[in-house]
Every structure is written in structure tokens, then in C-alpha cells.
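This report concerns only the one structure given below.
In this text the structure is predicted, and so the values were computed from the model without any measurement.
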Amino acid sequence: MRQTSFSGWIHAGVLLVLVVVAYGAALANGYVWDDGYFIQGSVGFDSFGAALDRAFSPLFPDRAYVRPLPLFSLYLETLPLGRNATVTHAFNLILHAGCVLLVYMVALGQLGRAKAVSHRHVALIVAAMFAVHPALVEAVAWMSSRFDLMVTFFMLSGLAAASRIHRQVPMVLTVSTSFFLAALCKESAVVFPFVLFVFEYLRRRQETPASTPLQFLNEPRSRWLFLGLVLAGLAYLLVRHLILGNGYTSLDDQSIGLPDRLARASSGPWVYCSKTGLPWLGLSPQHTFIYDAAAWRGRYLLVAVFSVAVLGATAFLLIKGRFAGWIMVAVLAAYLPVLHLLSLTIGNNLVHERFMYFPTAVLFAGLPAFVHELRLTEKARRSLLFIATLWIVVSIVVTRSVVPLWKDELSLWEWGTRMDPLSDVAAANLIYSYLQQHRFDDMNKVYRDMEESGMPITVETLTNMGNGRQGVGDYRGALDFYQRAASGVGAVSELRLAPLYANMSVAYMMIGENEKAREALLASLHYNPRHFISIGTLYAYCDGEEVDASRFNPADMPGARKYMELMRIQLGTRSEEARANPNADASLCPAEYLRAK
């Protein structure tokens, strides 16, 4: 027993070293992509209560997302240390290391009584493969993927607790709590009961090979376990209702036709399978899918045949009672929320690599039981060990090369547009990257390419182009872009209009059109009264007046005050021509936001 415990510590040390070797460079990365919404572009927090209040609010008020635990962890980081990318990435690495160790523990739990040293080595190898898997870089190296890391951590904790805690009451409480916490991290936790059933049933099969699924579910331990999951699920739904109320939109907001949906649902499994087994090819932050009806005679048909073959092989292995069939069921269940059977709000993307994190953990955690069932010869074991070791070495090299691509916006989106030239998201973000670097000519070139290729151009892209014009002092050119954005908003979320009108207000102010600047600011505050840029602009415009602070959430004020100082400086840079504008004498300050005297 002492030797087994010692080898377990050695294995844990090896796995932690692999995580550091593969992902250590992430500590030098900054904030990219959606990180700005959560950290850089969001308000600062000066109290525990303010962080808690924001975390237990909808992730996006126009989406039915409730993910308070990851948000709370992100917001807590800003309290003692401010915004520090190294701390943020270190927390992500710790979460990934925890998930790697949990994969190892769950894999051991699946071996049942077969926990000889050789089988523990199998668990070590599969956990090592998970630790350095190149297709999981997005989930680990991107701060905004903390939702995926944390939901996986808690689901794996539940799987590990079910296999390692033998007393019924502590086991049920621990697993149910893990499910509840996972659900508070991301909605994809809905698959946990299905995955838990598979792993627990396979573990039961190790002890009683003749056990059937119905017999397993009818055991007292199983009944109490799944009753606990039901109660945990109800508790989550109650919290969700308290946060969202009844006035929220559905998660399913992308309307596509049935043939398009079938093409996506058929293509997704092929991409996920190829990136699981050969993760060194085609990695990218974007995977654009543009439906082509004629492709049903070609590639759509082939991937549909592949998907049907996967389902057929799974059914065949289940009928034969093979562990491999049940493991495939667990992996398919883990992928179920992202296979386009329901609409996904991921734009024109077919897949996101971060969606692979939990399904890949499930696959590798279940592999040792499958390998044990094969009863391989010693020669076959050595061959598999050599292949797996080679796979790990190559994966470390690839992962180490991909992690720095997430260092900043420019490197990320130059890579993204190179790997996926059809991606309007990558092109739009590259425009934003060039804006941050003040590379205005490069912005214009990418924008022209988007127009010529017929890519959809969003409100955000037009706003960024306007901001680029402001960067070179062309405020009327900026207003042209802002007005085009405002005229083509369509069904765009009102929250996304707040930055547009805030920037429009500044452009009007800089040419001396104070009345229009005031009206644009009012529009911005109407669309999002918690937008810190709009609030900061208001305070700058009303400098010397007493603004009614009761109209704003205290949690939004730290960020607003910082932006107010920037706006005060910009107000002092207006040209003589702007000051000579007859409209420049009008008040910028909206009277309706002043405290009543």
C-alpha cells in the first residue's frame, strides 16, 4: 500500500511538470478577445460585495447565461492585485493541473480491482496525453475559457468522488454538490448525470460483470445518488430563476434551415474526432462554416456517413457489451450540447476548440478500462506505450508553439486570419488589433478585403473603423462610419449599441456639435446604463455639476472614474475650429442626469 501511494505521488509530480513544460509560457500572455469584456473593458471592483453582485447577474443581459462562479473568481482577482494577466493565467493553469490530476484519479477508479502498477501507468499515460493535448490550448491559455475549465473541474470532481468515496451519504453529498457547482459554471453541466451513469455502471461491471444497466439503476446506492443529482439540479434551476427572472431570451437564437443544421451536425463529429486524434493539424481560434447546398453531393455526404458510422459502431459495441461502446456513449453525451442538434450562438463557426475540453477528459479518463478489457499481449502494450510516448512528445512541441499565439490580440488574429481566411470574426478582430496598435493603414486594408469578399460587417467593426478615423483626427470620417453602423443595427443587441453611441458622442464633441454629442450620450446610456465609458463621459461632460449618482450601480463607478479623467483631457484638445462652431456653446451635460436642486 505504501509503495502504491508513493507511486501515485510520483505520477502526480510528473503530470504537474508536463503542465508547466507545455503551458508555462501562458504566464507571459496578456488579455485577448472577449477578455476585455470580463477584465480590461469591464468595471473595476473595490469591494467583495461589488464583485459578488456582478457575478450573480446574467453573463450577458441579452442571453440566458448564468455562470457566477467563474465570473466571481475573475472579479476577485482584481480586489487585492488589480488587473494582472499573469495572476489570471496562473489561476487557469492551476485549474488545468487540477483537471489533469482528476483525469488520472477517475481513470484509476475505472480500473476497479485491476490497480497493478502496470495499470496505474496506463492511467498516467492517458492523463499525460490530456495534460499536453494541443487542441485544448484555447481552453487553458485563454482567460475567457475559465468557464470550460471550472465546469470540467467540478464534473471530474464528481466522477472522482463517486468512485473513491465509499460511504453513501458523504458520496451522495459530494457528487451532488459538485454537480450544482458545475452548473453554476456553465450550462453544459447538464450532461454530467449521463456521463456519471456510464462511469459508475462500468465501475460496477468491473465488480459484477453480469450487471445490467437497469439492475445498476435499481440498486439503493444508485437511487440515492441520482436523487441527489435531481435535487441539485432543482436547486440550480431556482438560482437561475432568481438571477434571470422571466425576462430573458433563449439560448437558441440562431435561425438556420434544416439542411444547414444537418450539415453542421454531421460535420461537427468529424472535426472533433480529427482534432482529438491528430491535434497538430488545423488548429485555429476560428473554424468558419459556410453552408453550400451543392456540397451534399460531396463532403457533407462523406461526413454524414462518418457520423452514422460512429453511431453504428457505438451501438454495435453496446450490443456486444463492450466497455468501448459505453465510453463512446459518454463522450458523445459530453459533446451533445455543441453538436448543432440545437442552435449554437457561435456565429458562423462549426466548432470551438475549447468545447473539446470536457469530452476529451471523459475520453482519456475512460481509456484505461477499455485498454484493460482488451487483454493485450506484452508486445502490444510496449507498442502502444511507444506510440503514446511519441504522441506526448510531439504534442508538447506543438502546444508550446501555439500557447504564445494567444499572447496578444495581434498575434492571435494574424494567426486566425491565416488559418481561417473566411472568418469574418477573425478579420473583424484583426481590425481591432490594428486599432490598438495605431496601424490605421492596415485597418483600412483589412476592411477593404472584407468588403470585397462580401463578409458580413458588424456594428462593432464599423465602430472600430470610426475609432480609427478618430485616431488620425478625422472626426467627420469617424461619424460617417458611426452613422452607417447606427443605420444598419437591425436585430443587434441594445448593449452593443452603447459603445457606438458613446464614441459617436465624442466625435460630435470634437467638432463642436455639442447638442448632437449630448443626444448621442443619452442614447448610449439608454442602451446600457451600466456602460462605464458612457458613465465616465457623462461625468466629464458635467464637470462642475452635481450628477445624480443614485442612477448608477456603485460597482460601475471605479471604471467610470478612470475613463472620466481621460475624457477631461480630450475635452481640452478640441481645435479652434471646433470651438468656433456656433453649436459649441451648447451644454454637453444632459440635465436629466443632474441631481435635483
Side-chain angles (χ1 to χ4, degrees), residues 23 25-26 28-41 85 89 92 133-148 264 267-268 271-272 274-275 278-290 338 344-357 398-437 439-465 467-468:
Y23 285 100
N29 288 2
Y31 296 125
V32 297
W33 203 354
D34 288 345
D35 294 351
Y37 180 84
F38 302 113
I39 294 295
Q40 287 185 316
H89 289 296
N92 273 24
H133 200 291
L136 306 182
V137 170
E138 180 177 310
V140 181
W142 184 30
M143 182 276 286
S144 294
S145 284
R146 186 170 296 182
F147 307 101
D148 301 274
R264 293 169 187 262
S267 303
V271 175
Y272 285 127
S274 62
K275 293 198 178 303
L278 296 172
W280 319 293
L281 306 175
L283 296 177
S284 172
Q286 294 288 298
H287 296 275
T288 301
F289 182 90
I290 300 175
V338 295
L344 293 172
T345 55
I346 59 174
N348 286 331
N349 277 287
L350 178 63
V351 303
H352 275 318
E353 288 165 15
R354 63 182 178 273
F355 293 164
M356 297 177 61
Y357 195 75
V398 175
T399 297
R400 284 175 58 87
S401 70
V402 174
V403 167
L405 296 175
W406 289 85
K407 183 175 183 177
D408 54 49
E409 295 277 0
L410 188 59
S411 60
L412 176 63
W413 296 116
E414 286 185 336
W415 170 51
T417 53
R418 186 169 62 250
M419 297 303 297
D420 187 358
L422 297 178
S423 173
D424 59 291
V425 174
N429 279 288
L430 184 57
I431 285 177
Y432 175 76
S433 305
Y434 286 143
L435 173 64
Q436 298 298 100
Q437 298 286 326
R439 292 170 57 175
F440 303 117
D441 290 340
D442 290 327
M443 283 181 66
N444 295 333
K445 181 180 182 302
V446 176
Y447 182 77
R448 286 195 300 270
D449 291 343
M450 291 183 71
E451 283 191 317
E452 291 171 2
S453 62
M455 287 184 181
I457 296 176
T458 64
V459 168
E460 289 88 349
T461 297
L462 290 170
T463 301
N464 286 330
M465 290 302 300
N467 294 345

> Any donor-acceptor pair under 3.5 Å linking the side chain of Ser145 with the backbone of Glu138?
Replying inline: yes
> Any idea how Trp406 and Trp415 line up, ring-wise: parallel (<30°), tilted (30 to 60°), or perpendicular (>60°)?
Replying inline: perpendicular
> Below 4.5 Å, heavy atoms only, C-beta onward: do Glu451 and Ile457 meet side chain to side chain?
Replying inline: yes
> Considering the options Asn464, Leu430, Asp442, which one meets the side chain to side chain contact (heavy atoms under 4.5 Å, CB included) requirement together with Leu435?
Replying inline: Asn464
> Just wondering, are more than 12 heavy atoms of other shown residues or ligands nearer than 6.0 Å to CZ in Arg400?
Replying inline: no
> Does anything in residues 422-431 pair up under side chain to side chain donor-acceptor pair (under 3.5 Å), and if so which pairs, sequence neighbours excluded?
Replying inline: Gln286-Ser423
> Between CG of Leu350 and CG of Asp420, what distance do you get to the nearest 0.5 Å?
Replying inline: 10.5 Å
> Looking only at atom types and distance, does a side-chain atom of Glu353 sit under 3.5 Å from a main-chain N or O of Ser284, one as donor and one as acceptor?
Replying inline: yes
> Between NE2 of His352 and CG of Asp148, what distance do you get to the nearest 0.5 Å?
Replying inline: 10.0 Å
> Can you tell if the side chain of Trp33 reaches within under 4.5 Å of the side chain of Ser144, non-hydrogen atoms only?
Replying inline: no
> Thinking salt bridges, do Asp449 and Lys445 make one under a 4.0 Å N-O criterion?
Replying inline: yes
> Can you tell me how far OH of Tyr447 sits from CE of Met455, rounded to the nearest 0.5 angstrom?
Replying inline: 13.0 Å
>> For Met450, is there any backbone N or O sitting under 3.5 Å from a side-chain donor or acceptor partner on Ser453?
In response: yes
> Can you name the nearest heavy-atom pair linking Tyr23 to His133, along with the distance?
Replying inline: OH-O, 3.5 Å
>> Applying side-chain contact (heavy atoms from CB on, under 4.5 Å) to Gln436 and Asp408, what does each step give before you reach the verdict?
In response: CA-CA 11 Å; Gln436 298 298 100; Asp408 54 49; over 6 Å; no
>> A side-chain contact here means heavy atoms from C-beta on lying under 4.5 Å apart; do Lys407 and Val32 qualify?
In response: no
>> Suppose we screen for ring pair (Phe, Tyr, Trp, His ring centres under 6.0 Å). Which residues come up paired with His287, at least two apart in sequence or across chains?
In response: none
>> Give me the atom names and distance for the closest heavy-atom approach of Val446 to Ile431.
In response: CG1-CG1, 3.6 Å
> Rounded to the nearest 0.5 Å, what separation is found between the OH atom of Tyr432 and the CG atom of Asn467?
Replying inline: 9.5 Å
> Is a side-chain donor or acceptor of Ser433 paired with a backbone partner of Glu409 at a separation under 3.5 angstrom?
Replying inline: yes
>> A side-chain contact here means heavy atoms from C-beta on lying under 4.5 Å apart; do Glu414 and Tyr434 qualify?
In response: yes
>> Pair Met356, Leu136 - check side-chain contact (heavy atoms from CB on, under 4.5 Å), show working.
In response: CA-CA 7 Å; Met356 297 177 61; Leu136 306 182; 4.1 Å; yes
>> To the closest 0.5 Å, what do you measure between OG1 (Thr417) and CG (Leu422)?
In response: 11.5 Å
> Considering only heavy atoms from C-beta outward, does the side chain of Leu283 approach that of Met419 to under 4.5 Å?
Replying inline: no
>> Using every non-hydrogen atom in the two residues, find where Pro279 and Ala135 come nearest and quote the distance to one decimal.
In response: CB-N, 3.9 Å
>> Quick check for you: to the nearest 0.5 Å, what is the distance between Arg146 atom CZ and Arg354 atom CZ?
In response: 15.0 Å
> So do the side chains of Leu412 and Trp142 get within less than 4.5 Å of each other, counting heavy atoms only?
Replying inline: no
> Between Asn29 and Ala85, what is the shortest heavy-atom contact and its length?
Replying inline: O-CB, 3.5 Å
